[in-house]
S.K.: 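Take this structure, written in structure tokens, and hold onto it; I'll ask about it next.
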Amino acid sequence: MPENSTPRINMERFWSTIERSASIGQGRPGGLSRLTLSDADKEMRDVFAEWCQKAGLEMKIDAAGNMLARRKGREDSLPPVVMGSHLDTQANGGRFDGILGVLGGVEVCRALDEAGHVTKRPLVVANWTNEEGARFSPPMMGAGTYVGRYSLEWMHDRRDDAGVRLGDELKRIGYMGNAAMAERFDAYFELHIEQGPILDREGMQVGIVTGGYTSTGMLIEFKGETAHTGPCPMELRRNALVAGARLLTAADDIGWAFAASGGKGTAARLLAWPNKPGILSDWAQVVTDVRHADPRISAVMAEALRRAVGEAAAKANCEFSILDTWTWGGEIFDADLVGMIRAATQRRGYRHMDIYSQAGHDAYFVAEHAPTAMIFTPCKGGITHNNNELCTPDDLAPGLSILLDVVCERADR
């Protein structure tokens, strides 16, 4: 197909996809509650697949439910340049987190079609399964399984709070595919809202992501013994709920101890049973994490968190098990791709700055598999994982244009 014009993002067209997505799995006013593998997730996946089909992309789905939509290249056997993120949301999620990166990839393909431009290398738009980890823990599971960090069997056996298996839900909604995993990528680009206030506060249009906070998360189980809350003496109590609460307080304290240098400790989740008045709980489960830009400091925080697990159990006279631990972040992004993003941003004259990602992203795992980079756009006040998450077309247009530029440059080389 001869090239008719320079490829350009059509923001009106792109915004219509954002608005359509925002109508699927609505939660609190203005937000979304599109938990992974729910009926709403299936509906969104179906719409995404339809858009990809209309754009001439070939859809492949693997056994982790990852959706990879391929646009042919002039030399189609070359490894593809991949764009992507996720379409699932938090229970009180926003309209842009993750969604921008997937629908932005669709818009890049549409812009290339409109201009009559076929890149030398094929392109792929990826929707990774269960990035959020809001229903099935841990997060970024689809990308992690794709690159071999997790086994398929392990992923399929994850269960939600109701005991439902992830693998069973994949089959139920019709997204248990059989496409090969770990296809070789030439490069991976992920466009994402910053999810923090820095770009918005500094008046920047583009964030050039140079690395990620090193984060360590844990899933911990405490076991005690039920007893009556009245006559049971304090010295005989084995209250698992107390052990969990002590650990979460300790995680928060660790975050405050390192807050001056940007460290964070999170009390994310506490479950307990029976968790009723008049009875001590004999079981509790906790999710917590610590993170810091400096991997050495992050390691110190992680060790403090591990010590706090044992101390919380001992104070409550309970047993504990660390059921799962996950770590990601650091200097993981490819210097050449980061330089390409920086040069493209300078050519367009956008206000920009180097920035670290403080959240987890699918790109962290893909970076173990292929050269990877991220582009950040501002979001109002840095509000995210919240129904008040807000971006305007003007906030997103620069980042989308940079994504188009660097994908074309990389795929045509």
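We use all heavy atoms of the structure for the numbers below, so side chains are in, but hydrogens, waters and symmetry mates are not. Since we're looking at a predicted model, the values are computed, not measured. Residues: numbered from 1 along the sequence shown.
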S.K.: What are the two closest heavy atoms between Leu305 and Ala251, and how far apart are they?
M.R.: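 Answer, listing the atom of Leu305 first, then Ala251: CD1-CB, 3.9 Å.
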S.K.: Atom CD1 of Ile341 and atom CD1 of Ile208: how far apart are they, to the nearest 0.5 Å?
M.R.: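 Those atoms lie 7.5 Å apart.
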S.K.: Got a donor-acceptor contact below 3.5 angstrom from the Glu389 side chain to the Phe96 backbone?
M.R.: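 Yes, the answer is positive, given that a donor and an acceptor are paired below the 3.5 Å cut-off.
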S.K.: State whether the side chain of Thr17 and the backbone N or O of Phe14 hold a donor-acceptor pair below 3.5 Å, judged by distance alone.
M.R.: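 Indeed, once roles are kept as given, a pair shorter than 3.5 Å links the two residues.
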S.K.: Show, in sequence, the C-alpha distance, side-chain angles and deciding distance for Asp405 and Arg347, and conclude whether the salt bridge (Lys or Arg N to Asp or Glu O under 4.0 Å) test is met.
M.R.: CA-CA 10 Å; Asp405 289 354; Arg347 283 195 299 271; 5.3 Å; no
S.K.: Establish, from distance only, whether the side-chain atoms of Thr266 and Arg291 form a donor-acceptor pair under 3.5 Å.
M.R.: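 Short answer, no.
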S.K.: Rounded to the nearest 0.5 Å, how far does CE of Met181 lie from NZ of Lys60?
M.R.: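 With rounding to 0.5 Å, NZ (Lys60) is 13.5 Å from CE (Met181).
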S.K.: Under the 3.5 angstrom rule, does the side chain of Ser137 hit a backbone N or O of Gly133 as a donor-acceptor pair?
M.R.: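 A pair under 3.5 Å: no.
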S.K.: Do Val366 and Tyr146 have side-chain heavy atoms sitting under 4.5 Å apart?
M.R.: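 No, their side chains stay 4.5 Å or more apart.
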S.K.: For side-chain contact (heavy atoms from CB on, under 4.5 Å), just list the numbers for Trp154 and Met141, CA-CA rounded to whole Å, side-chain angles, deciding distance to a tenth of an Å, and then say yes or no.
M.R.: CA-CA 10 Å; Trp154 176 90; Met141 201 182 294; 3.9 Å; yes
S.K.: Quick one: does Asp157's side chain get under 4.5 Å of Arg165's, heavy atoms only?
M.R.: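 Yes, close enough: below the 4.5 Å cut-off.
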S.K.: Looking at every heavy atom in both Ala313 and Phe222, which two are closest together, and how far apart are they?
M.R.: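 Taking every non-hydrogen atom into account, CB-CE2, 3.9 Å.
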S.K.: For the side chain of His86 and the backbone of Met140, is there at least one donor-acceptor N/O pair under 3.5 Å apart?
M.R.: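 Checked: no pair found.
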S.K.: Could you tell me if the side chain of Leu37 sits less than 4.5 Å from the side chain of Asp160, heavy atoms only?
M.R.: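 Asp160 vs Leu37: side chains apart.
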S.K.: Checking the side chain of Arg237 only, and the main-chain atoms of Ala227 only, is there a donor and an acceptor separated by less than 3.5 Å?
M.R.: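 No.
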S.K.: Looking at every non-hydrogen atom in both residues, tell me the closest pair between Leu103 and Ser21 and how far apart they are.
M.R.: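 Heavy-atom minimum between the residues: CD1-CB, 4.1 Å.
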S.K.: Consider only side-chain N and O atoms of Asp41 and Ser38, and report whether a donor and an acceptor are under 3.5 Å apart.
M.R.: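 Judged by distance alone, the side chains do not pair up.
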S.K.: Any ion pair linking Arg269 and Asp161 (charged N to carboxylate O, less than 4.0 Å)?
M.R.: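 Salt bridge: yes.
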S.K.: Which residues pass the side-chain hydrogen bond (donor to acceptor under 3.5 Å, both in side chains) test with Arg172, not counting sequence neighbours?
M.R.: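 Arg172 satisfies side-chain hydrogen bond (donor to acceptor under 3.5 Å, both in side chains) with Asp39, Glu169 once adjacent residues are dropped.
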S.K.: Taking His369 for the side chain and Gly148 for the main chain, is one N or O donor matched with an acceptor at less than 3.5 Å?
M.R.: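 Not confirmed, His369 side chain does not pair with Gly148 backbone.
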S.K.: Between atom CH2 of Trp128 and atom CG of Leu87, what is the distance when rounded to the nearest 0.5 Å?
M.R.: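 With rounding to 0.5 Å, CH2 (Trp128) is 12.5 Å from CG (Leu87).
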S.K.: Between Tyr188 and Phe185, what is the ring plane arrangement, given parallel below 30°, perpendicular above 60°, and tilted in between?
M.R.: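 Taking Phe185 first and then Tyr188, their aromatic rings lie parallel (interplane angle under 30°).
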S.K.: Is there a donor-acceptor contact under 3.5 Å from the side chain of Arg348 to the main chain of Pro398?
M.R.: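 Here the side-chain-to-backbone pair does not exist.
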S.K.: Does atom CZ of Arg13 have more than 12 heavy-atom neighbours, drawn from other residues, nucleotides or ligands, at distances under 6.0 Å?
M.R.: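 Check passes, neighbour count above 12.
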S.K.: As a quick check of understanding, evaluate side-chain contact (heavy atoms from CB on, under 4.5 Å) for Val125 and Cys109, giving each step before the final call.
M.R.: CA-CA 9 Å; Val125 182; Cys109 293; 3.9 Å; yes
S.K.: Could you tell me which non-hydrogen atom of Cys52 sits nearest to which non-hydrogen atom of Ala69, and how far apart they are?
M.R.: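 The pair with the smallest heavy-atom distance is SG-CB, 3.6 Å.
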S.K.: Heavy-atom distance under 4.5 Å between the side chains of Met204 and Ile198, does that happen here?
M.R.: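 Contact flag for Met204/Ile198 side chains = no.
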S.K.: Determine the minimum heavy-atom distance between Phe376 and Leu199, stating which atoms define it.
M.R.: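 What the structure gives for the nearest pair is CB-CD1, 3.8 Å.
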S.K.: State the NE2-OG1 distance between His352 and Thr345, to the nearest 0.5 angstrom.
M.R.: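 So the NE2 of His352 and the OG1 of Thr345 are separated by 6.0 Å.
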S.K.: Could you tell me whether a side-chain N or O of Ser281 sits under 3.5 Å from a main-chain N or O of Asn275, the two making a donor and an acceptor?
M.R.: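 Yes, Ser281 side chain to Asn275 backbone: donor-acceptor pair under 3.5 Å.
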S.K.: Please test Glu225 against Asn317 for side-chain contact (heavy atoms from CB on, under 4.5 Å), starting from the C-alpha separation and ending with a verdict.
M.R.: CA-CA 10 Å; Glu225 187 173 46; Asn317 195 25; over 6 Å; no
S.K.: Can Arg410 and Leu337 be said to form a side-chain contact (heavy atoms from CB on, under 4.5 Å), step by step?
M.R.: CA-CA 9 Å; Arg410 181 75 181 192; Leu337 297 189; 3.5 Å; yes
S.K.: To the closest 0.5 Å, what do you measure between CG (Leu57) and CG (Leu68)?
M.R.: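 Reported value, rounded in 0.5 Å steps: 11.5 Å.
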S.K.: Can Phe365 and Tyr150 be said to form a ring-ring contact (aromatic ring centres under 6.0 Å, His included), step by step?
M.R.: CA-CA 10 Å; Phe365 283 150; Tyr150 307 125; 5.8 Å; yes
S.K.: Can you tell if the side chain of Cys391 reaches within under 4.5 Å of the side chain of Ile193, non-hydrogen atoms only?
M.R.: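 Heavy-atom side-chain distance check passes, below 4.5 Å.
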S.K.: Give me the atom names and distance for the closest heavy-atom approach of His292 to Ser261.
M.R.: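 What the structure gives for the nearest pair is NE2-OG, 2.8 Å.
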S.K.: May I ask you to check whether Ser23 and Arg20 show a side-chain donor-acceptor distance below 3.5 Å?
M.R.: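 Yes - a donor-acceptor pair under 3.5 Å links their side chains.
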S.K.: Check the pair Lys54 / Glu50 against salt bridge (Lys or Arg N to Asp or Glu O under 4.0 Å), numbers first and verdict last.
M.R.: CA-CA 6 Å; Lys54 288 181 177 178; Glu50 181 182 348; 3.2 Å; yes
S.K.: Determine, for Glu311 against Lys315, whether the closest basic-nitrogen to carboxylate-oxygen distance falls under 4.0 angstrom.
M.R.: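 Looking at Lys315 together with Glu311, the answer is no, because their closest N to O distance does not fall below 4.0 Å.
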S.K.: For residues Gln285 and Leu323, determine if any side-chain heavy atom of one lies less than 4.5 Å from a side-chain heavy atom of the other.
M.R.: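 Touching, per the 4.5 Å side-chain cut-off.
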S.K.: Given 3.5 Å as the limit, does a donor-acceptor pair link the side chain of Asp46 with the main chain of Glu43, or not?
M.R.: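 Not at all, since once roles are kept as given, no pair shorter than 3.5 Å links the two residues.
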S.K.: May I have all residue pairs that pass salt bridge (Lys or Arg N to Asp or Glu O under 4.0 Å) and include part of residues 87-104, sequence neighbours excluded?
M.R.: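 Those involving residues 87-104 are Glu19-Arg95.
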S.K.: Under 6.0 Å from the CD atom of Glu303, do we count more than 12 heavy atoms belonging to anything else shown?
M.R.: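 Enclosed.
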S.K.: How long is the straight-line distance from SG of Cys318 back to NZ of Lys223, given to the nearest 0.5 Å?
M.R.: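 It is 11.5 Å, given to the nearest 0.5 Å.
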S.K.: Taking the side chain as everything from C-beta on, heavy atoms only, tell me whether Arg158 gets closer than 4.5 Å to Asn130.
M.R.: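 Sidechains of Asn130 and Arg158: no contact.
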S.K.: Quick one: does Asp200's side chain have a donor or acceptor within less than 3.5 Å of a partner on Gly381's backbone?
M.R.: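 Present.
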S.K.: For a side-chain contact (heavy atoms from CB on, under 4.5 Å) with Leu191, tell me which candidate from Thr377, Leu396, Leu404 qualifies.
M.R.: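 Option passing the side-chain contact (heavy atoms from CB on, under 4.5 Å) with Leu191: Thr377.
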S.K.: Would you verify whether the NZ or CZ of Arg45 falls within 45 degrees of the ring axis of Tyr175 while also being under 6.0 Å from that six-membered ring's centre?
M.R.: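 Yes, Arg45 and Tyr175 form such a contact.
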S.K.: Report yes if some heavy atom in the side chain of Met374 is under 4.5 Å from a heavy atom in the side chain of Ile332; otherwise report no.
M.R.: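 Not in contact.
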S.K.: Applying side-chain hydrogen bond (donor to acceptor under 3.5 Å, both in side chains), can you list everything that pairs with Trp283, at least two apart in sequence or on another chain?
M.R.: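 Result, side-chain hydrogen bond (donor to acceptor under 3.5 Å, both in side chains) vs Trp283: Glu221.
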